[in-house]
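First up is the structure itself, then whatever we jot down about it.
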Number of protein chains: 2
Amino acid sequence: MKKKTTDHRPAKERILDAAEQLFARRGFYGVSLRDITQAAGVDVALVSYHFGGKRELFTAVFERRAEVLNRERLELLEEVRRAALPAAPSLEAIANAFFEPLLERSARGGPGWKSYFALVAYVNNSPEFGPVMMTRHFDPLVERFIAVLREALPGCPAREVYWGYQFLTGALTLTFAETGRLDKLSGGLCRSSDLDSVRERLAPYVAAGFRALSARATAAASRTPVRAARKARRRS
Amino acid sequence: MKKKTTDHRPAKERILDAAEQLFARRGFYGVSLRDITQAAGVDVALVSYHFGGKRELFTAVFERRAEVLNRERLELLEEVRRAALPAAPSLEAIANAFFEPLLERSARGGPGWKSYFALVAYVNNSPEFGPVMMTRHFDPLVERFIAVLREALPGCPAREVYWGYQFLTGALTLTFAETGRLDKLSGGLCRSSDLDSVRERLAPYVAAGFRALSARATAAASRTPVRAARKARRRS
DNA sequence: GTCTATAGCTTGATAGAC
DNA sequence: GTCTATCAAGCTATAGAC
């Protein structure tokens, strides 16, 4: 059954859009190809024709927006870096470059982008898909951000920066999932969908977190003689 | 087909254990009742008999450990509160009470607990299950923690505390999901499963984040005349 | 490129013997 | 409480007409 409003965009894109929305809501296994093609108003067989199979469709959805997003984030990061020269940029500015493009797309990019971010939250938290797909599509970008974060945190051990990034990405993906739980919890005082609130708060939050990790590591090191510290570092 | 090692625990518990592990790995839809009962070494029909259906089994798995966990966390919170009287406890101590019982169970509670935390990460990030199940089973606890956090952050608007909690729970659930992505990203420098590292770092990180949010709100308020501030608060 | 038709499985659920 | 047997419905994938 076709959709009432005749959509003249190519079937391939209509499938991608419908799949994006449904995968974001119910995960890879919670959606059938029939659900997807029915929502897209196309025939089931077209998935095989255009993508090969369900799995390939899933990765195609994931890849589609990852490229453009990463390019934007990388450009913004380098811009922030250049603007701060010869000093390193502030942690706030770096964090901001990491998620401002996401906020922008989520707020004004249309509903497809909202679904996409919920999908990333799903993938990032999935033991099955997370390590493979996040690594493949986002690690080069993340490595670059971590390198710049380390410039902004002189003397801070790499390990601390990685842990700080882990906490950051958890906060980020849950926030972009916009599950609406915060709305219920706060009795309407906060809204998951209120991205301006996120924009104002996430950078200060994680920047302060990074500073605390850095300070903690420095304090721990000065409390311990050099040789013991090396050993402790290997242990933990 | 039964498991080789004859397990004499009741079938009901064996089903719960197997379901917990599989749901955590692949989500609600990624697992069939046949997968579960085969792993448990029992017959498929026993799921209907003991639980009613797949959905009811899912919520039974989620509920089983939530109760004991929340009791522990609440007791620890009140202990921390009493120890600090007449002052409010530190943000670090409050944050610690929030996740120390989780760390303890994850490290020494056996593999069932590890699966359980991955399952919570899945549910927390799911638009379908998150708002319903997290709200039902964890909100009373979270409300209590937020009340104590507010005592420790005098003058900080409630909204800031809710946002801080949102970032905290995102960082927490991703960390406990132990997807192994951090391991790959850091080239082995950090391990997702290294819970001692989490214990040392998460409290300072989120405590600093809360302080930054509080400071930001105070600064914003002092920059704005009272009437405009009220309006701005309503807007954002 | 798109559609019909269908093959070949797996799914959740249950009726009824023991 | 546990198991066998079975059901109707749903699934992915594909061969072949247009």
Side-chain angles (χ1 to χ4, degrees), chain A residues 1-62 64 119 122 126 128-129 133, chain B residues 1-64 119 122-123 126 128-129 133:
Chain A
M1 204 221 292
K2 286 236 185 185
K3 276 163 105 179
K4 269 172 265 172
T5 54
T6 334
D7 192 341
H8 286 101
R9 303 176 56 232
K12 192 168 174 179
E13 280 183 45
R14 302 233 300 282
I15 293 172
L16 283 170
D17 290 341
E20 183 171 62
Q21 185 181 72
L22 292 169
F23 282 144
R25 277 215 272 260
R26 323 219 312 163
F28 179 75
Y29 302 103
V31 180
S32 71
L33 292 182
R34 285 172 154 81
D35 294 335
I36 293 168
T37 50
Q38 191 176 324
V42 303
D43 194 273
V44 220
L46 291 186
V47 171
S48 306
Y49 178 76
H50 285 292
F51 300 96
K54 190 182 180 183
R55 208 110 192 169
E56 291 88 338
L57 171 59
F58 188 66
T59 69
V61 168
F62 193 81
R64 179 169 57 153
L119 180 65
Y122 166 78
S126 155
E128 186 179 11
F129 301 111
M133 297 179 74
Chain B
M1 206 220 293
K2 288 238 184 182
K3 276 161 104 180
K4 267 172 267 169
T5 54
T6 333
D7 191 342
H8 286 101
R9 303 178 56 231
K12 194 170 174 177
E13 280 182 46
R14 302 233 300 281
I15 293 173
L16 282 170
D17 289 341
E20 183 171 64
Q21 184 181 78
L22 292 169
F23 282 144
R25 278 215 272 258
R26 324 217 314 162
F28 178 74
Y29 301 103
V31 180
S32 72
L33 293 181
R34 286 174 161 81
D35 293 335
I36 293 168
T37 50
Q38 190 177 323
V42 303
D43 194 274
V44 217
L46 291 186
V47 171
S48 307
Y49 179 78
H50 285 293
F51 300 95
K54 190 182 178 183
R55 208 111 192 167
E56 291 89 336
L57 171 59
F58 188 65
T59 68
V61 168
F62 194 81
E63 278 168 0
R64 179 169 57 153
L119 180 66
Y122 166 78
V123 170
S126 155
E128 187 179 10
F129 301 110
M133 296 178 74

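All chains are named by letter (A, B, ...) in the order of the sequence lines, taking the proteins before the strands, and each is independently numbered beginning at 1.
For D:dT14, the OP1/OP2 oxygens have no side-chain nitrogen or oxygen of A:S48 closer than 4.0 Å.
Within residues 17-31 of chain B, the residues that place at least one heavy atom under 4.0 Å from DNA chain C are, in residue-number order, B:V31.
Using a 4.0 Å heavy-atom criterion, one finds that B:L46 contacts the bases of the nucleic acid, with or without backbone contacts as well.
Residues meeting the side chain to side chain donor-acceptor pair (under 3.5 Å) test with A:R64, sequence neighbours left out: A:D17, A:E20. Listed by chain and residue number, B:F28, B:F58 satisfy the ring-ring contact (aromatic ring centres under 6.0 Å, His included) test with B:F129 (two or more places apart in sequence, or in another chain). For A:T59, there are no side chain to side chain donor-acceptor pair (under 3.5 Å) partners at least two apart in sequence or on another chain.
Here the shortest heavy-atom pairing between B:I36 and B:A18 reads O-CB, 3.6 Å.
Judged as a salt bridge (Lys or Arg N to Asp or Glu O under 4.0 Å), the pairs with a partner in residues 47-56 of chain A (not counting sequence neighbours) are, in order, A:R55-A:E128.
Judged by the 6.0 Å distance and 45° axis criteria, A:K12 is positioned over the aromatic ring of A:F51.
A distance of 10.0 Å separates CG in B:L16 from CZ in B:F23, rounded to the nearest 0.5 Å.
B:R14 contributes a side-chain N or O that, together with a main-chain N or O of B:A40, makes up a donor-acceptor pair within less than 3.5 Å.
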Can you build the contact string for nucleotides 4-9 of chain C? Use B for base contact, S for sugar-phosphate-only contact, and - for no protein heavy atom under 4.0 Å. B-----
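Nearest nucleotide to the B:L33 side chain, out of D:dA13, C:dA13, C:dG1: C:dA13.
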